[in-house]
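A quick write-up on the structure given underneath.
What you see is a predicted model, and the numbers here were worked out from it, not measured in a lab. In what follows, chains carry the letters A, B, and so on, assigned in the order in which the sequence lines appear, proteins first and then strands, with residues in each chain numbered from 1.
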Amino acid sequence: MPDRPLLVTSALPYANGPLHLGHLAGAYLPADLYVRQQRLAGRDVVWVCGSDEHGAAIAIRARQEETSPQAIVDRYHAELKEAFAGFGIAFDVYGRTTSQTHRETSQSLFRSIEAAGGFVRQTSTQLYDPEAGLFLADRFVVGTCPVCGYDKAYGDQCENCGSTLAPDDLIEPSSTLSGARPERRETTHWFLPLGEMQPQLAEWIGTKEWKPNVLGQVRSWLDGGLSDRAMTRDLDWGVPVPPGVDGETDGKVLYVWFDAPIGYVSMTKEWAEAEGDAERWRRYWQVHPDGTEPELVHFIGKDNIVFHCLVFPATLMAANRAADAAGNAAQPDRPFVLPSNVPANEFLNLEGRKLSTSRGWAVWADEALAAFDADPLRYALAVGLPETKDADFTWADFQNRVNSELADVVGNFCNRALTFAERFCDNAVPELVGPSDADRQMLAALAAAPAEIGRAYQDVRLRDAVAQTVQIARLGNQYLQETEPWKTRKTDEQAMRNTIAVALQVCAGLGILLEPVVPGVAGRLREMLNLEGVRSSERAGTDGLGWDDAGRPLLEPGHALGTPGILVEKVEDEAVEAQRELLRTRAANASPESPTTTASGAEAAEPETPYAPLADEIVFDQFAPLDMRVGRIVAAEPHPNADKLLRFDVDLGFETRQVLSGVREHLAPEDLLGQRVVVVANLKPRTIRGLESNGMILFAEDRDGRLLLVTTDGEPGAIVK
RNA sequence: CGCGGGGUGGAGAAGUGGUAUCUCGUCGGGCUCAUAACCCGAAGAUCGGGGGUUCGAAUCCCCCCCCCGCAACCA
């Protein structure tokens, strides 16, 4: 069973931002640990990843920054690749979805599914921006509300009066992208008929023994009933819908969630080409002619579960069905395998708070690597992986784990054995003669380690695997304490030599067992031991000493050792304090909670986001209908039935009324109490999730999305004009 | 009654019917080969709360509370 070829994937990072510790802990470090161990164990494994470079978010961002999407993805692809390399994340290939191979692969898959009737086409009318040359989502259309005359109503609804609108209802509609007047055009998209495929998917999922968080999520989707999903978009950035399929393909691209997972396939192809055997990718993706199935494992964060457990498998099923239907004898294609495991991780918090890149609450990979080696970071993340629930990364914890476990237990144990050998055994491995019970027990524990720890890796219980590895060094320390070579040196020299011989064998074993977690440390340890011939954990192979060899004595008697030294440096207080300070500073500059006044806050770094363009000119008659009043907030509390809403009682002088506002994630109720704010008082009341909102409180929104109160000294009820 | 995951000594975790385990931290002791490291011992948990099933419940059933994610909502 371990002989089945293994393909591992890590979620493709989206190429519009840099890498942070949360990403690493979710889909990359776990996969790296898993894959390195499998490679050491001699497994035939390929690990693919790459940048996801398509999608509307990148296209829109390029427009806003007045640059090309290609320029954005080029920049972040290079950054991501470098950050991964810095952390020792050893993919076999790191590709990108803008590559030619990927375009061909995803188009060809699309075409064959389409040809076999695997898609359903559905037509609808949508607004089209003739200037920008693309279709617009409703919210990218603004215009004047036919109900209240508000001039910045969106295509789906008016934020002023609450009317639900269709883009067609707007007076003077314009595109937020180009300002052009949108046209109505018909558009047809290709849908994957998930509803129809549900029985197949359910049957397939039913046989799985995946993590509870994954299965729970998937079952929930199935119970709710799957609906068909569009696999194409009207956009000018992405893999074009292949020409030649039945239907209008102009201006249409594949939906990112259709093309990105196929990236796993295309990147495997690119890997195979680089290996000099272009057809070799099939070995890891398709059922072999002899019937053996490769294993496919997706490492992802919990936010990607539905795509990897339902949508992508459905795509592969559709492709397999298409291959069957084609019945093309000339090119009989073998079926794709479906994922055998999807070990999705939960999320990593930072210092007790959720990560938030916009609020500066994140540890960026390059910053962390500027301050620390990759290994200590890898270790601390690995022992605190969010495997079963969200985990918290703190710098205090990082320092503590690295110092008291990696340095004190592992590093110091090796240092004890090596320096003792240097001082009292001529820096060579003594011969084991007439071992004691303690010696035998220590060697037995070492012998059992590879299988036991290997099982933890195999089951993707990575925290456990790492803890068990450290446990070997802990046993080593106990063993040294028990056998007391510093005493037997004077009373029973052979006993001392036996102790050192055994301790050194344990070190040698650790030189392999530590490799998946802290490859740099493991390499240095092997150098100090002068232990050569261990196979690489960075690419698959069977040459040299492997995982299972870690359990047996690897050092011959008389073997000359290298130069002992400090194996793991401690993390100094100042270093972690500097990181905490960095985080604090950045968060203070970005945090909406920080009570900085306008005066002192003005010194803060200016965000790079451009100002929103000025809206179209209006005439006084359009402004006049608004009746705005000063109101004093006399009660503020969360909406009982909505996560983002606050409920206010506002005293308008002549009456007190209830107003709802979607600011819960920006502002704390207690900070708002007693404030005098500006209220749009003649807005038509509307009920939202069970409570009526009678007016609208005005807020100022910064360019980075922060909300601030618009306050005034006026008395409640005062007219604002 | 939206859906899913989780709540175990100060912190982080293991434990799916039979004396509550491990790591860190704390306190006490020991050792000196070693990175003020290591080893031994102790204190510390009525396993989120309440009911129930059982000879026996952290574990099974019911109700409730809290945290995280998804969905909804953001006048």
Please name all residues satisfying side-chain contact (heavy atoms from CB on, under 4.5 Å) with D649(A), sequence neighbours left out, ordered by chain then number. V634(A), A635(A), R647(A), T656(A), Q658(A)
Mind checking what makes ring pair (Phe, Tyr, Trp, His ring centres under 6.0 Å) contact with H298(A), not counting sequence neighbours? Y264(A), H308(A), F312(A)
G12(B) and C67(B): how far apart are their P atoms, nearest whole angstrom? 16 Å
Could you measure between the two C1' atoms, the one in G10(B) and the one in U16(B), and give it in whole Å? 27 Å
Whole angstrom value for the distance that separates P of C24(B) from CH2 of W395(A): 22 Å
Do N477(A) and Q481(A) have side-chain atoms, one donor and one acceptor, less than 3.5 Å apart? no
Out of U35(B), G4(B), C39(B), which nucleotide sits closest to the side chain of R474(A)? C39(B)
Are more than 12 heavy atoms from other residues, nucleotides or ligands located less than 6.0 Å from atom CG of D390(A)? yes
Suppose you measure atom P in C61(B) against the same atom in G18(B); what distance do you get, rounded to whole Å? 16 Å
Determine the interatomic distance between P on C66(B) and the same-named atom on G49(B); round to the nearest Å. 15 Å
Please enumerate all residues that pass ring pair (Phe, Tyr, Trp, His ring centres under 6.0 Å) together with Y14(A), with sequence neighbours excluded. none
side-chain N/O Q478(A) vs C38(B) OP1/OP2, d < 4.0 Å: no
With K211(A) via side chain to side chain donor-acceptor pair (under 3.5 Å) - residues at least two apart: none
Suppose we screen for ring pair (Phe, Tyr, Trp, His ring centres under 6.0 Å). Which residues come up paired with Y379(A), at least two apart in sequence or across chains? none
Between which residue ranges does RNA chain B form stems of three or more consecutive Watson-Crick or G-U wobble pairs, both distances under 3.5 Å? B:2-7 with B:65-70, B:10-13 with B:21-24, B:26-30 with B:38-42, B:48-52 with B:60-64
Taking atom P in both C22(B) and G9(B), compute the distance separating them and give it to the nearest angstrom. 16 Å
Taking only residues two or more places apart in sequence, or in another chain, which ones meet R401(A) in a salt bridge (Lys or Arg N to Asp or Glu O under 4.0 Å)? E405(A)
Which pairs count as ring-ring contact (aromatic ring centres under 6.0 Å, His included) when at least one residue sits in residues 381-410 of chain A, sequence neighbours excluded? F372(A)-W395(A), F372(A)-F398(A), F393(A)-W395(A), W395(A)-F398(A)
Atom pairs, protein N/O to nucleotides 10-13 of chain B N/O, distance under 3.5 Å:
unit_1	atom_1	unit_2	atom_2	d
A13(B)	O3'	R463(A)	NH2	3.0

How is N412(A) classified with respect to the nucleic acid when contacts are heavy atoms under 4.0 Å: base, sugar-phosphate, or nothing? base
With rounding to the closest Å, how many angstrom separate the C1' atoms on A58(B) and A13(B)? 14 Å
Near RNA chain B, under 4.0 Å by heavy atom, which residues of residues 480-498 of chain A? Q481(A), W486(A), K487(A)
Which is true for Q471(A) with a 4.0 Å heavy-atom rule: it touches a base, it touches only sugar-phosphate, or it touches nothing? nothing
The side-chain contact (heavy atoms from CB on, under 4.5 Å) partners of A473(A) (sequence neighbours excluded) come to V409(A), V410(A), F413(A), L510(A)
Among the nucleotides U35(B), C33(B), U23(B), whichever has the atom closest to the side chain of T419(A) is C33(B)
Could you work out which one of A34(B), A37(B), G5(B) sits closest to the side chain of K570(A)? A37(B)
Who are the ring pair (Phe, Tyr, Trp, His ring centres under 6.0 Å) partners of F648(A), not counting sequence neighbours? none
Sticking with atom C1', work out how far G6(B) lies from C47(B), rounded to a whole angstrom. 14 Å
